[in-house]
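What follows is a single structure, written as structure tokens, with notes after it.
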Amino acid sequence: MSENKKYTDTGIEIKKAYSENDVPETGNQPPGTYPFTRGIQPDMYRGKLWTMRQYAGFSTAEESNKRYHYLLSQGVMGLSVAFDLPTQIGYDSDHSLAEGEVGKVGVAICSLQDMENLFRGIKLEEVSTSMTINATAFILLSLYVALAKKQGADLKKISGTIQNDILKEYAARGTYIYPPKPSMRIITDIFEWCSNELPRWNTISISGYHIREAGSTAVQEIAFTLSNGKAYVKAALDKGLDINIFGKRLSFFFNAHNNLFEEVAKFRAARKMWAKIMKDFGATEEKAMMLRFHTQTGGSTLTAQQPLNNISRVTIQTLAAVLGGTQSLHTNGYDEALSLPSEEAVRIALRTQQITAYESGVADTADPLGGSYFIESLTYEVENKAWELIEKIDAMGGSVPAIESNFIQNEIARSAYEYQVKIETGEKIIVGLNKFQTEDHKTIPLLKVDDKIRQVQIEKLKALRNNRDHAKCDNILQQINDKAVSGENLIPSVIEAVENDCTLGEIADELRGVFGEYK
């Protein structure tokens, strides 16, 4: 690329200056009106600030519970649960494949007893909980519902989100269990059950975050995410569900990177595009056309070198998310390129959100960058490039065939490679990594998870299995098997199973026997 030219990270050329001649005909609809380019609420954060979350979960349920109480005392508005890898791929802590991974990248949850310990002293009716879980989302949701019932909560008041986005697992992240078709069937079971029993629950968080973490551009992030969204909507419509009901409970999860203006344009374009997609599918109610999204600052943008620089990166990304109109936000700790975040790093990350909300003035008006020649032009460019990609995927038959043919994976890999080459050659400057390095290697205290916690979990599982009704457990697991074969909704039987102390691994294994595993 020529030296006197400038480009966004996606490769969109940036002019030296913009004027009204660069602004496309936008119709200039106010915030809160279709197609919601400028935000889903007329007054945005003047009416209600975004939900401030901090993603947390490590070691045992008891340890994570202490962190949740600390976060709530510091002003978080909603909890966000990270699960360890065995929990994510349907293995109990005592499974041979769980060795070395228990409690490492999140909390280990095997049973209703673990769930009770995770939320001890926290009323589920009073807190919104987001759970980053996909292949086993139906089991974690069932555990959450079983705990809410045990607490005597009104299920109609329970609010939160399960990620439940399996398509991006095949394309970018890898924590899948079952093949795509049965996985999609489980997801529509969740849509159907929640629309009747858990009306305030977001049944899916269609995730661009991990697509971006795997190396995609901003344009690919929204194109692939919205394509996946189309596949979920189509599956729900094929099942006979009402788009104006389930459409209101769809949510999205995006990444925020450092190219401030491109990120703001990305969020604005995504809202406009989703509104059109849902309208074309037949949605008539505005709430079913609104793209509501959670944002997390970019984990892949953090450097292990000069880690305190990451505080500045997270601040820029926080501004991008808020200026772009997010509904919910998690800010990363400055030490996350090195370890799980320490308590100090978590506090600084949360304070970054609070300072942005209460001191910066960016929350005082809706869509503060709307009308900027540059932002309006960039929104238009990002949107057009994303539509081009979506049209390619549609021509293949949608996201599922595009993933099965490796098109999406290959596109992400190519972008990741090209970006890395720019860093290696110095064309893309990363402060402290390939420029402005220092010899000062000041160590910062890191949070470490003790390997002994696997033994603690194994002992708990042994006690649980010794004290339950085995015949009843076998009977309920057989019911799950029968429903998996017949096509009947699985969720009521999975809730009954966890209420009778069947474990996450046992339920996941029962369905492995019916659906097989995706290789």
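Small disclaimer: the values here were computed from a predicted structure and weren't measured.
The residues Lys385 and Glu388 are annotated as not salt-bridged, no charged nitrogen and carboxylate oxygen being separated by less than 4.0 angstrom. A salt bridge is absent between Arg268 and Glu383: the closest approach of a Lys/Arg side-chain nitrogen to an acidic carboxylate oxygen does not fall below 4.0 angstrom.
Within a 6.0 Å radius of CZ in Phe261, no more than 12 heavy atoms belonging to other residues, nucleotides or ligands are found. The local environment of CZ in Arg414 is crowded, with over 12 non-hydrogen atoms from other residues, nucleotides or ligands closer than 6.0 Å. Counting heavy-atom neighbours within 6.0 Å of Tyr380 OH, excluding the residue itself, gives a total of 12 or less. No more than 12 heavy atoms of other residues, nucleotides or ligands shown are found within 6.0 angstrom of NZ on Lys16. Applying the 6.0 Å contact sphere to OH of Tyr417 captures no more than 12 heavy atoms from other residues, nucleotides or ligands. When the shell of 6.0 Å around CD of Glu424 is examined, it contains more than 12 heavy atoms from other residues, nucleotides or ligands.
Taking CE of Met44 as the reference point, atom CG of Asp364 lies at 13.0 Å (rounded to 0.5 Å). Interatomic distance, Ile204 CD1 to Arg249 CZ, rounded to the nearest 0.5 Å: 13.5 Å. The distance from the OG1 atom of Thr60 to the CG atom of Asp84 is 11.0 Å, given to the nearest 0.5 Å.
Tested against Phe293 for a ring pair (Phe, Tyr, Trp, His ring centres under 6.0 Å), the candidates Phe252, Phe253, Phe267, Trp274 yield a single pass: Phe267.
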**Item:** Worked check of side-chain hydrogen bond (donor to acceptor under 3.5 Å, both in side chains) between Thr284 and Asn244
**Value:** CA-CA 7 Å; Thr284 54; Asn244 285 320; 2.9 Å; yes
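Here the side chain of Asn164 pairs a donor or acceptor atom with the backbone of Thr203 at under 3.5 angstrom.
Ring planes of Tyr232 and Phe191: perpendicular class, angle over 60° (limits at 30 and 60°).
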